[in-house]
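Have a look at the structure below, then the notes.
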Amino acid sequence: MIQIAILGFGTVGTGVAKVVAENARQIERKLGEPLAVKSILVRHFKDGPFRQLMTDDFTKIEEDGDIRVVVEAIGGVEAAYDYTRRALGAGKHVVTANKQLVAEKGCELLALARKKNVSYLFEASVGGGIPILHPLTQCMAANRIDEVYGILNGTTNYILTRMVRAGASFADALAEAQEKGYAEADPTADVDGIDTGRKICILADLAFGRQVDPGQVPMAGIRNLSLRDVKIARRAGYRVKLLGRAVRTAGGGRSAYVAPHLIAEESPLAGVEDVFNAVVVRGNATGEVMFYGRGAGEKPTASACVADVMEVLQQSPRREEIGWSPESGGFTDPLDLPGRHYFRVEDSLTSAAAGFGQVEVLSEDGDTAFLTETMTGREALARCGELTVLAHIPVLA
């Protein structure tokens with residue numbers, strides 16, 4: 001029997017224990033022997049079917065030679081980082097859904113895993129139940145990856161969906177998301193783009209093979225998004241979505257950022273609604289490939305974690321292609337990326353045209369909303385001049 005440990009018993013940890021128990025026969029057929037949870041690290045003991053597996057002493061897990069894989073489901077960085085280092089140092093494979101830890105410490109932890117001849121896998125850290133890291137590093141390995149972008153946060157996508165469908169304000173849509181359990185009581189990481197930012201950093205690391213420091217990545221969320229802009233965009237044939245985007249730039253550089261975007265309604269991404277996520281990968285050989293599904297939740301995320309557990313047990317001895325260089329130079333400021341831009345200003349169309357020249361007018365109802373020609377974000381902001389800008393949203397080409 002193969003034995004594993006789970007660190008943390010919140011949504012993801014509970015889901016992993018359930019998936020291992022409920023899908024025991026299918027897992028055994030694929031591994032050739034049973035898989036069982038031996039220990040669960042918790043701060044507070046809870047009654048239930050897994051009570052007898054709980055411990056508050058990580059050392060027992062660290063020193064248990066029968067435990068081959070540790071699933072880190074604590075979240076955050078401090079304790080998770082310490083336990084992950086110790087588990088890898090003890091020669092155990094580690095699987096995680098912890099996007100913050102992978103984004104900030106992944107390069108170091110992967111190097112430690114290589115040194116100890118074990119694996120550190122994190123499929124669930126980006127797309128929850130959507131398989132994206134494995135296809136990116138294996139199925140598309142013959143490609144040069146030029147761009148990765150997508151809807152990477154189900155909470156914000158649900159809020160935007162309600163703003164479009166029901167005409168709800170951001171505040172009302174957020175309250176609804178919290179009531180349904182899609183948003184936390186403190187939604188900062190979701191609505192301010194931080195969660196999406198961590199995920200796009202991981203995708204950029206793997207796509208381009210070099211470290212993208214989350215501190216360099218501008219992260220703008222939807223907190224200040226006006227319902228008026230959502231309605232104007234919809235009438236013009238666009239949808240507003242929060243995207244994480246990573247782009248290969250000239251000379252081997254790369255860029256990454258998070259921001260709301262206008263997306264043409266004929267784009268497949270425009271139809272991704274509610275809590276669903278989608279990731280688009282553009283390779284120089286395949287063109288664009290899209291991955292779609294539920295990006296979060298107990299069972300989808302747990303499914304990805306258990307799949308990683310099974311992979312490290314089947315691989316001999318570890319997965320070679322996962323990893324990236326710690327070198328973090330060559331980062332291009334996203335303001336230098338070319339594209340079209342949506343502006344809504346208090347000023348007249350005449351004033352807007354004086355600054356931007358040719359524009360596509362979307363609305364002149366009280367204020368002026370328009371799309372620019374292709375230019376860098378830096379040039380677009382410079383051309384605003386004396387205009388009173390009420391909203392500025394990039395347009396996905």
Side-chain angles (χ1 to χ4, degrees), residues 1-8 12-13 16 20 27-28 30-41 57-74 77-126 131-141 201-203 205-211 304-328:
M1 176 179 289
I2 301 169
Q3 299 187 98
I4 69 172
I6 301 172
L7 310 184
V12 176
V16 169
V20 171
I27 294 171
E28 182 178 351
K30 291 172 182 176
L31 290 180
E33 56 184 308
L35 179 70
V37 177
K38 184 175 184 181
S39 296
I40 300 172
L41 184 71
D57 184 359
F58 177 73
T59 304
K60 292 181 179 179
I61 295 172
E62 182 180 17
E63 296 178 352
D64 190 333
D66 292 331
I67 294 175
R68 295 171 58 186
V69 186
V70 171
V71 179
E72 185 273 297
I74 298 172
V77 171
E78 291 186 9
Y81 174 61
D82 178 48
Y83 292 151
T84 299
R85 281 185 54 84
R86 288 168 61 182
L88 293 170
K92 303 180 190 300
H93 303 290
V94 177
V95 166
T96 186
N98 189 338
K99 64 193 76 68
Q100 183 181 3
L101 182 62
V102 178
E104 295 182 13
K105 302 290 188 181
C107 190
E108 175 190 338
L109 294 172
L110 284 163
L112 176 59
R114 284 192 291 271
K115 181 179 178 181
K116 294 297 182 177
N117 207 33
V118 292
S119 291
Y120 180 55
L121 295 189
F122 39 88
E123 181 68 64
S125 67
V126 172
I132 176 60
L133 302 187
H134 191 277
L136 180 65
T137 56
Q138 282 200 327
C139 305
M140 299 186 71
C201 285
I202 297 169
L203 289 169
D205 292 336
L206 290 171
F208 307 139
R210 288 159 61 191
Q211 176 75 31
C305 285
V306 176
D308 271 351
V309 169
M310 295 172 68
E311 178 170 345
V312 298
L313 292 169
Q314 290 172 310
Q315 293 240 343
S316 179
R318 60 180 173 82
R319 198 160 139 187
E320 295 286 348
E321 77 282 356
I322 287 286
W324 55 87
S325 165
E327 197 278 309
S328 59

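Heads up: numbering here begins at 1 and tracks the sequence.
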Apply side-chain hydrogen bond (donor to acceptor under 3.5 Å, both in side chains) to [X] and list each qualifying residue two or more places apart in sequence or on a separate chain.
X	value
Y81	E108
S125	none
K38	D64

If you take all heavy atoms of [X] and [Y], which pair is closest and at what distance?
X	Y	result
A36	V20	CA-CG1, 4.3 Å
S39	I61	CB-CG1, 3.8 Å
I40	V37	CG1-CG1, 3.8 Å

So for atom CD, which belongs to E33, do other residues, nucleotides or ligands contribute more than 12 heavy atoms lying within a distance under 6.0 Å?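 Atom CD in E33 is packed in, count exceeds 12.
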Please check if the side chain of Q3 supplies one atom and the backbone of A5 the other of a donor-acceptor pair under 3.5 Å.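 Not a single qualifying donor-acceptor pair exists.
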For [X], what residues pass the salt bridge (Lys or Arg N to Asp or Glu O under 4.0 Å) criterion, not counting sequence neighbours?
X	answer
E28	none
E63	none
K92	none
E327	R210

Let me confirm one number: the CG-OG1 distance from L109 to T96, rounded to the nearest 0.5 Å.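 Atom-to-atom, L109:CG and T96:OG1 are 9.5 Å apart.
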To the nearest 0.5 Å, atom CZ of R68 lies from atom CG of L313 at 5.0 Å
Apply side chain to side chain contact (heavy atoms under 4.5 Å, CB included) to [X] and list each qualifying residue two or more places apart in sequence or on a separate chain.
X	answer
L112	R85, L88, K116
Q100	V77, N98, E104, R198
A304	E123, A124

Applying ring-ring contact (aromatic ring centres under 6.0 Å, His included), can you list everything that pairs with F208, at least two apart in sequence or on another chain?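 Scan of F208 (ring-ring contact (aromatic ring centres under 6.0 Å, His included), adjacent residues dropped) gives none.
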